[in-house]
Novice: 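I'd like to ask you about the structure that follows.
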Amino acid sequence: QVQLVESGGGLVQAGGSLRLSCAASGRTFSSFTMGWFRQAPGKGREFLAAIAWSGGSTTYADSVKGRFTISRDNAKNTVYLQMNSLKPEETAVYYCATAPVWSTMVRTTAPYDYWGQGTQVTVSS
């Protein structure tokens, strides 16, 4: 049974920062790709960032490149998303997910087979 548990969400002012964490269990964490997505009310799930099992490969959505940083600690079975310069329009539920391989599809929801329950991020103006 794979479990992903996000934490670190909350209320922050525009321009502020948050660091999200996603703790994984039930899978050999170090072998899998991890991704972060978000979903605002009434909108689809949006890709933010992904990191390969070794941490050597990362990819970001253009909208967050230069402001968000994904990282992982395989010893702690945890992936992080450091978010800086947050904007009110980035208010959403943020999800982590795991995929069995790194592929050209990691910027879509397609390869991800397990998802966390999400953590709310609210950015006030």
Side-chain angles (χ1 to χ4, degrees):
Q1 183 78 10
V2 177
Q3 282 194 317
L4 301 174
V5 180
E6 300 97 335
S7 61
L11 176 64
V12 64
Q13 288 188 330
S17 299
L18 282 175
R19 188 176 83 153
L20 305 183
S21 300
C22 172
S25 62
R27 169 173 266 182
T28 306
F29 178 79
S30 59
S31 301
F32 293 89
T33 291
M34 299 297 297
W36 284 98
F37 292 76
R38 66 188 175 197
Q39 188 164 17
K43 295 188 176 181
R45 199 157 291 192
E46 177 190 10
F47 168 78
L48 299 175
I51 186 167
W53 68 272
S54 66
S57 295
T58 57
T59 186
Y60 295 90
D62 289 345
S63 60
V64 305
K65 197 175 298 182
R67 298 187 298 120
F68 289 14
T69 303
I70 189 171
S71 61
R72 65 191 296 162
D73 184 337
N74 288 341
K76 295 182 178 179
N77 287 357
T78 301
V79 63
Y80 305 97
L81 186 68
Q82 177 68 43
M83 307 186 295
N84 298 328
S85 302
L86 284 161
K87 306 172 184 178
E89 56 265 37
E90 296 183 303
T91 293
V93 178
Y94 284 66
Y95 299 90
C96 68
T98 179
V101 295
W102 178 266
S103 72
T104 58
M105 298 294 289
V106 293
R107 297 164 67 92
T108 75
T109 59
Y112 296 91
D113 51 359
Y114 291 97
W115 294 80
Q117 83 290 348
T119 185
Q120 176 71 44
V121 172
T122 302
V123 186
S124 64
S125 56

Novice: If I take atom CZ from residue R67 and atom OH from residue Y60, how far apart are they, to the nearest 0.5 angstrom?
Specialist: 12.0 Å

Novice: With clusters defined by side-chain heavy atoms of hydrophobic residues (ILVMFWY) lying less than 4.5 Å apart, directly or transitively, does Y80 cluster with V64?
Specialist: no

Novice: Testing the basics here: between C22 and L4, what is the closest heavy-atom pair and its distance to 0.1 Å?
Specialist: SG-CB, 4.0 Å

Novice: Between E6 and Q117, does a side-chain contact (heavy atoms from CB on, under 4.5 Å) hold up when you go through it step by step?
Specialist: CA-CA 7 Å; E6 300 97 335; Q117 83 290 348; 2.9 Å; yes

Novice: Is it true that a side-chain atom of N74 and a backbone atom of W53 form a donor plus acceptor pair closer than 3.5 Å?
Specialist: yes

Novice: Could you report the tightest heavy-atom contact between G26 and V2, atom names first, then the distance?
Specialist: O-CG2, 3.7 Å

Novice: Of Y95, Y94, Y112, which meets ring pair (Phe, Tyr, Trp, His ring centres under 6.0 Å) against F37?
Specialist: Y112

Novice: Between R45 and Q39, do the side chains contain a donor N or O and an acceptor N or O under 3.5 Å apart?
Specialist: yes

Novice: Please determine whether residues V12 and L48 belong to a single hydrophobic cluster, defined as Ile, Leu, Val, Met, Phe, Trp and Tyr linked transitively by side-chain heavy-atom distances below 4.5 Å.
Specialist: yes

Novice: Does atom CD of Q120 have more than 12 heavy-atom neighbours from other groups under 6.0 Å away?
Specialist: yes

Novice: Does V93 belong to the same Ile/Leu/Val/Met/Phe/Trp/Tyr cluster as W115, with side-chain heavy atoms less than 4.5 Å apart forming each link?
Specialist: yes

Novice: Nearest heavy-atom pair of V79 and I70: which atoms, and what distance?
Specialist: CG2-CG1, 3.9 Å

Novice: Rounded to the nearest 0.5 Å, how far does OG1 of T119 lie from CG of L81?
Specialist: 11.5 Å

Novice: Would you compute the distance between atom CZ of F68 and atom OG of S85 and round it to the nearest 0.5 angstrom?
Specialist: 9.0 Å

Novice: Give me the atom names and distance for the closest heavy-atom approach of S71 to I51.
Specialist: CA-CD1, 3.8 Å

Novice: Specify the closest pair of heavy atoms between Q82 and S17, including all atoms of both residues, with the distance to one decimal.
Specialist: NE2-CB, 3.9 Å

Novice: T33 versus V101: any side-chain heavy-atom pair under 4.5 Å?
Specialist: no

Novice: Are L86 and W36 joined in one hydrophobic group, where the rule is that I, L, V, M, F, W and Y side chains link up if heavy atoms are under 4.5 Å apart?
Specialist: yes

Novice: Can you tell me how far CZ of R72 sits from OG1 of T58, rounded to the nearest 0.5 angstrom?
Specialist: 11.5 Å

Novice: Give, for atom CZ of R38 and atom CE of M83, the distance between the pair rounded to the nearest 0.5 Å.
Specialist: 8.5 Å

Novice: Could you pull out the closest heavy-atom pair between T78 and S21, with the gap in Å?
Specialist: CG2-CB, 4.2 Å

Novice: To the nearest 0.5 Å, how far apart are SG in C96 and OH in Y114?
Specialist: 14.0 Å

